[in-house]
Amino acid sequence: HHLKVLNLSGNKMTNAGVFFLAGALRVNQSLKKLDLELTGVSAEEAFALASALYINHSLKQLNLRGTGLSDERASELAHLLCGGHHLKVLNLSGNKMSDAGVFFLAGALSVNKSPEKLELSFSGITDEGVCALAGALRVNQSLEKLDLELTGISAEGASALASALYINHSLKQLNLRGTGLSEEKAFELADLLSGKHYLKVLNLCRNKMTDAGFFILAGALRVNQCLEKLDLKETY
């Protein structure tokens, strides 16, 4: 069968159902996108899926948003990516993942050049995890979108990201909505935008910015020739 997209999101999948799916992925070479958002995939089931993907080379998009994925399971996905799997889109938002899980993923991004989109919003990531991702961005030149909405980023994490993006030329979309960024960090992002970076979409909604922050961003936009969308809704 030549099924390319399978959406099972929001369904109550049983243990047997997930294992059957994992078995099918071992032989299927047509499926491109698998959506398991909010299906309650357990740790054991996530391991079975990850194991199947060592053999499957067709899947390009995997959505595990809100499945309760832990740091341990994130490490298994990272090993999968380190093994050279060609996943291009990985959504791990809304999971029980901390900086420890992100360290594994950052290591994978440093060696795997396939991922183009990584979503980690609504997770327990702090500056330590963001700094690890920033380190990966210094060498990874494939990732085009990074979503860190509502994660615990402060001054240290924002500085690391801004510094990494002076070197990285692949990232086109960065979502920092509701991350608690201060006006000081907006200045650093403005310096980045004033340079030769290739960001096209920057989301800074629901962050702490005053008029001074807006003025410095406006100055950066006068010289920036790449940014196509800047979202500043609900800034205060």
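When a residue number appears, it is its place in the shown sequence, counting from 1.
- The side chain to side chain donor-acceptor pair (under 3.5 Å) check on Lys172 picks up nothing, with sequence neighbours excluded.
- The CG atom of Asp35 sits 9.0 Å away from the CG atom of Leu64 when rounded to the nearest 0.5 Å.
- A distance-only check finds a donor-acceptor pair linking the side chain of Asn224 to the backbone of Leu193 [under 3.5 Å].
- Remark: Lys32 NZ is packed, more than 12 non-hydrogen atoms of other residues, nucleotides or ligands lying under 6.0 Å away.
- Taken together through direct or relayed side-chain contacts under 4.5 Å among Ile, Leu, Val, Met, Phe, Trp and Tyr, Leu202 and Leu232 form part of one hydrophobic cluster.
- Other members of the cluster containing Leu150 are Phe122, with ILVMFWY side chains joined at under 4.5 Å, either directly or via other members.
- Leu6 is connected to Leu53 through a chain of hydrophobic side-chain contacts under 4.5 Å among Ile, Leu, Val, Met, Phe, Trp and Tyr, so both are in one cluster.
- Under the 4.5 Å side-chain heavy-atom criterion for Ile, Leu, Val, Met, Phe, Trp and Tyr, Met13 and Leu3 are members of the same hydrophobic cluster.
- Here the shortest heavy-atom pairing between Ala106 and Ala132 reads CB-O, 3.4 Å.
- Interatomic distance, CG of Asn175 versus CG of Leu120, reported as 11.0 Å (0.5 Å rounding).
- Not counting sequence neighbours, the partners of Lys200 by the salt bridge (Lys or Arg N to Asp or Glu O under 4.0 Å) test are Glu228.
- Each salt bridge (charged side-chain N to carboxylate O under 4.0 Å, His left out) pair with one or both residues in residues 63-73, not counting sequence neighbours, appears once here: Glu37-Arg65, Arg73-Glu76.
- Across all their heavy atoms, Leu148 and Leu133 have their closest contact at CD2-CD1, 4.0 Å.
- Among residues at least two apart or in separate chains, there is no salt bridge (charged side-chain N to carboxylate O under 4.0 Å, His left out) pair with a member in residues 89-110.
- The salt bridge (Lys or Arg N to Asp or Glu O under 4.0 Å) check on Lys88 picks up Glu116, with sequence neighbours excluded.
- Rounding to the nearest 0.5 Å places CD of Glu119 at 9.0 Å from CG of Leu92.
- Both Leu227 and Tyr166 belong to a common hydrophobic cluster when Ile, Leu, Val, Met, Phe, Trp and Tyr are linked at side-chain heavy-atom distances under 4.5 angstrom.
- With sequence neighbours left out, the side-chain contact (heavy atoms from CB on, under 4.5 Å) criterion links Phe215 to Asp211.
- Sorted by first and then second residue, the pairs that involve residues 129-141 and meet side-chain hydrogen bond (donor to acceptor under 3.5 Å, both in side chains), not counting sequence neighbours, are Asn140-Ser142.
- Every residue two or more places apart in sequence or in another chain was checked for a side chain to side chain donor-acceptor pair (under 3.5 Å) with Ser110, and none qualifies.
- Side chains of Pro115 and Leu109 form a contact here, defined as non-hydrogen atoms less than 4.5 Å apart.
- Minimum heavy-atom separation, Ile153 to Ala158: CG2-N, 3.6 Å.
- Taking CG of Leu143 as the start and OG of Ser114 as the end, the distance is 11.5 Å to the nearest 0.5 Å.
- Of all the heavy atoms in Ala160 and Ala134, the pair that sits closest is O-CB, 3.4 Å.
- When every heavy atom of Leu31 is checked against every heavy atom of Leu25, the shortest pair comes out as CD2-CD2, 4.0 Å.
- Residue pairs meeting the salt bridge (charged side-chain N to carboxylate O under 4.0 Å, His left out) criterion with at least one partner in residues 5-23, sequence neighbours excluded, do not occur; the list is empty.
- Atom-to-atom distance recorded for Leu69:CG and Asn95:CG is 5.0 Å, nearest 0.5 angstrom.
- With hydrogens and angles disregarded, no donor-acceptor distance shorter than 3.5 Å links the side chain of Asn11 to the backbone of Thr39.
- Shown here are the side chain to side chain donor-acceptor pair (under 3.5 Å) partners of Asn7, two or more places apart in sequence or in another chain: Ser9.
- Side chain of Asp231 to main chain of Cys205: no donor-acceptor pair is present (N/O by atom type, distance under 3.5 Å, no hydrogens or angles).
- Hydrophobic cluster membership differs between Leu161 and Ile167, with clusters built from Ile, Leu, Val, Met, Phe, Trp and Tyr side chains linked at under 4.5 angstrom.
- Shown here is Phe47, whose CZ atom has no more than 12 heavy atoms of other residues, nucleotides or ligands within 6.0 Å.
- In this structure, Leu62 and Leu49 have side chains that are not in contact, with every pair of non-hydrogen atoms separated by 4.5 Å or more.
- Ser30 and Ser58 get closest at one heavy-atom pair: N-OG, 3.7 Å.
- Relative ring orientation between His79 and Phe104 is described as tilted, the plane-to-plane angle lying within the 30° to 60° band.
- With sequence neighbours excluded, the residues forming a side chain to side chain donor-acceptor pair (under 3.5 Å) with Asp127 are Ser154, listed by chain and number.
- Put simply, NZ on Lys33 and CD on Gln61 are 5.0 Å apart, with the number rounded to the nearest 0.5 Å.
- Judged by distance alone, the side chain of Asn15 and the main-chain N or O of Glu45 form no donor-acceptor pair under 3.5 Å.
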